[in-house]
S.K.: 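Take a look at this one; I'll ask things after.
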There are 2 protein chains.
Amino acid sequence: MAFPPDATLADVGEFGLIAALTELFAQGEQVLVGPGDDAAVLRVKNGHVVVSTDLMVEGRHFRREWASAEDVGHRAAAQNLSDVNAMGGRASSLTIGLAAPADLPAQWALDFARGFADECAAVGASVVGGDVTRADQVVIAVTVLGACTEAPVLRSGAEPGDVVALCGRQGWAAGGLAVLGRGFRSPRVLVEAYRRPEPPYDAGRAAAEAGATAMIDVSDGLLADAGHVAEASGVAIDIHRAAFAVPDPLQAVGAALGADPLQFILGGGDDHALLATFPDDAVPAGWTVVGAVAEAGPDGPAVTVDGAAYDGPTGWVHF
Amino acid sequence: MAFPPDATLADVGEFGLIAALTELFAQGEQVLVGPGDDAAVLRVKNGHVVVSTDLMVEGRHFRREWASAEDVGHRAAAQNLSDVNAMGGRASSLTIGLAAPADLPAQWALDFARGFADECAAVGASVVGGDVTRADQVVIAVTVLGACTEAPVLRSGAEPGDVVALCGRQGWAAGGLAVLGRGFRSPRVLVEAYRRPEPPYDAGRAAAEAGATAMIDVSDGLLADAGHVAEASGVAIDIHRAAFAVPDPLQAVGAALGADPLQFILGGGDDHALLATFPDDAVPAGWTVVGAVAEAGPDGPAVTVDGAAYDGPTGWVHF
């Protein structure tokens with residue numbers, strides 16, 4: 001289904017929009033009651049549910065001129081699917097809250113939802129409900145539900161002697177964002193990485209099975225998120241610069257912007273890579289060892305790079 | 001805990017705010033992993049979960065000058081707890097997404113969260129996670145999880161011959177909103193009803209046990225929500241004016257504003273009353289019969305008032 005190209009949300013109305021969105025969302029076998037009632041009802045098999053909520057705000061987390069509606073949908077879904085991945089679980093069901101200006105093109109909302117549903121389909125998850133309302137800017141609120149087959153992997157389990165390992169692209173999206181912010185559209189591969197992250201959706205569960213002691217998805221920035229693990233686990237984490245192969249397009253962006261390309265890797269967060277700690281003989285295939293866990297020093301939990309404090313950009317400040 | 005009265009969200013920062021909020025949220029026994037990780041993990045006993053998401057936008061669903069932060073918290077929680085009530089279930093866990101301007105007083109966010117947590121405590125539910133970020137206006141996204149003991153009561157089960165019944169205050173909040181919108185603060189009881197709705201949290205499950213055939217919470221307006229039931233069930237619903245005792249304060253507001261006070265009852269939606277259909281010998285105590293279900297006419301499902309189309313205000317238009 002498509003809306004006329006000049007139709008706004010005000011033109012199609014709340015119920016017209018909901019009807020069009022609902023048509024897009026295929027319902028999985030776990031859905032006992034889908035969209036359209038006061039609440040959805042979902043079958044739960046393993047006696048527990050993993051749940052996480054994230055917000056995306058236009059002008060802050062995305063810009064309509066930097067990414068298509070479909071791209072924004074992919075990113076919004078990926079960010080949430082990744083939170084369940086980081087627990088060692090798999091997402092099954094999501095809800096979307098969409099607050100938007102009345103003059104938003106209705107087709108934007110529809111394309112956003114299509115991208116969102118496509119990303120969810122990649123892990124077999126369904127959009128089971130949501131809410132739409134008017135606001136001054138586009139705000140997207142997503143809640144994801146899922147389950148683990150092993151015990152959930154928390155941030156708090158890292159042990160001195162563990163290694164720190166990374167799975168998935170890291171720094172690519174931050175490089176893409178940096179060039180978009182300066183008005184460029186290339187290197188294309190980085191811009192695409194920003195628009196449609198490719199989180200390693202199979203790696204979370206595999207890491208749990210392999211015995212990961214702590215895990216987090218890199219969303220605030222690699223060093224910032226390593227800091228969350230260090231803090232929760234009460235340990236020190238050292239990250240090793242030499243562990244990262246800086247890909248050619250990031251080298252090119254660094255050269256063009258006069259920046260150390262490693263800053264995109266150490267500070268970037270939009271790829272939704274996984275960072276985990278493992279006993280040093282338990283790192284599964286597909287992960288790269290990038291650091292080590294040690295006892296916290298006298299000043300408490302901390303993250304260092306090659307044994308020293310890092311003074312480059314390290315992540316995202318929300319207020 | 002309290003923030004200095006002039007501290008803004010920018011002053012206390014994302015992590016300062018999250019730490020203060022998390023302190024407020026007592027965790028129930030169903031919470032295996034609470035706030036602070038990539039996701040929460042909740043124990044699920046009955047093999048299913050009921051889930052619903054709602055948005056509240058400043059200037060549209062609430063105004064900071066019309067209600068305290070604590071009131072807004074109570075309302076945001078009530079609105080979502082009510083969605084599970086309307087399925088015949090009970091809420092157990094909620095997440096909150098709070099998008100807000102950097103200059104929002106940090107104490108507002110804390111008071112909002114306190115009101116929210118207090119309302120949740122009234123049904124024994126816990127706030128288990130969330131997200132905070134910056135936006136131009138306050139947008140609150142809530143997801144509620146719960147469970148039913150009976151089969152969930154849907155909107156689609158109303159049968160010709162059933163009666164329509166209402167439980168809870170209806171029209172009070174709409175009356176309160178009408179006086180606030182004109183710059184008044186009384187009748188106080190209506191203004192308070194708007195600021196802190198009192199949904200009949202025990203009535204949903206009792207209705208399911210009594211054999212309710214369809215149920216909805218009144219949030220778009222009584223006639224609009226009766227329309228959702230009629231549509232989903234493929235029936236006609238007639239509402240009887242004489243069934244409603246118009247309370248004195250609503251009479252007073254009607255007289256003062258030159259309006260039929262019944263319009264607040266037929267069009268209002270902020271009390272989160274429950275509207276349900278029952279076989280006519282199965283209406284439980286505490287419910288008032290306000291109408292009847294019949295076969296849909298040749299023009300399809302419809303709602304009438306005393307057998308005729310109603311031409312007053314009937315609810316809320318979102319775009």
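Each chain gets a letter, A, B and so on, in the order the sequences are listed, and its residues count up from 1. These numbers come from a predicted model, not from an experiment.
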S.K.: Given heavy-atom pairs under 4.5 angstrom as the criterion, report whether the side chain, backbone, both or neither of B/Val33 touches chain A.
M.R.: side chain
S.K.: Are the side chains of B/Leu145 and A/Leu145 in contact, using a 4.5 Å heavy-atom criterion?
M.R.: yes
S.K.: Chain A heavy atoms under 4.5 Å from B/Val44: which part of the residue, side chain, backbone, both or neither?
M.R.: both
S.K.: For A/Val51, is it the side chain, the backbone, both or neither that has a heavy atom under 4.5 Å from a heavy atom of chain B?
M.R.: both
S.K.: My understanding is that only residues two or more places apart in sequence, or in another chain, count here; which of them pass salt bridge (Lys or Arg N to Asp or Glu O under 4.0 Å) with A/Glu58?
M.R.: A/Arg64
S.K.: Write down the atom of B/Thr143, the atom of A/Thr95, and the distance for their closest heavy-atom approach.
M.R.: OG1-OG1, 3.9 Å
S.K.: Under a 4.5 Å cutoff for heavy-atom pairs, which residue among A/Cys148, A/Gly89, A/Gly47, A/Gly129 has the most contacts with chain B?
M.R.: A/Gly47
S.K.: Which bit of A/Met56 is near chain B, if near means a heavy-atom gap under 4.5 Å: side chain, backbone, both or neither?
M.R.: neither
S.K.: Between A/Lys45, A/Met215, A/Gln137, which residue shows the highest count of heavy-atom pairs closer than 4.5 Å to chain B?
M.R.: A/Gln137
S.K.: Below 4.5 Å, heavy-atom pairs only: which of B/Ala40, B/Gly97, B/Ser82 has the largest tally toward chain A?
M.R.: B/Ala40
S.K.: Going through the distances and angles, do B/Phe15 and A/His228 end up as a side-chain contact (heavy atoms from CB on, under 4.5 Å)?
M.R.: CA-CA 11 Å; B/Phe15 295 111; A/His228 299 322; 3.6 Å; yes
S.K.: In terms of heavy-atom pairs under 4.5 Å, which option from A/Val84, A/Val128, A/Leu154, A/Asn80 contacts chain B the most?
M.R.: A/Leu154
S.K.: When heavy-atom pairs shorter than 4.5 Å are enumerated against chain B, which of A/Val50, A/Leu42, A/Asn46 gives the highest number?
M.R.: A/Leu42
S.K.: What distance separates A/His48 NE2 from B/Leu32 CG, expressed to the nearest 0.5 Å?
M.R.: 8.0 Å
S.K.: May I ask you to decide if A/Leu55's main-chain N or O and B/Asp131's side chain share a donor-acceptor pair within less than 3.5 Å?
M.R.: yes
S.K.: So what's closer than 4.5 Å to chain B heavy atoms on A/Ala232: side chain, backbone, both or neither?
M.R.: neither
S.K.: Is any side-chain heavy atom of B/Thr133 less than 4.5 Å from a side-chain heavy atom of A/Arg60?
M.R.: yes
S.K.: Can you tell which part of A/Val57 gets under 4.5 Å to a heavy atom of chain B, answering side chain, backbone, both or neither?
M.R.: side chain
S.K.: Does any part of the side chain of B/Thr53, heavy atoms only, come nearer than 4.5 Å to the side chain of A/Ile96, both counted from C-beta?
M.R.: no
S.K.: Excluding sequence neighbours, so at least two apart, what forms side-chain hydrogen bond (donor to acceptor under 3.5 Å, both in side chains) with B/Ser93?
M.R.: B/Gln30
S.K.: Of the backbone (N, CA, C, O) and the side chain (C-beta and beyond), which part of A/Val49 lies under 4.5 Å from a heavy atom of chain B, both, or neither?
M.R.: both
S.K.: Quick one: which of B/Ser156, B/Ala39, B/Gly36, B/Ser52 has the most heavy-atom pairs under 4.5 Å with chain A, could you say?
M.R.: B/Ala39
S.K.: Is any side-chain heavy atom of A/Met87 closer than 4.5 Å to a side-chain heavy atom of B/Asp37?
M.R.: yes
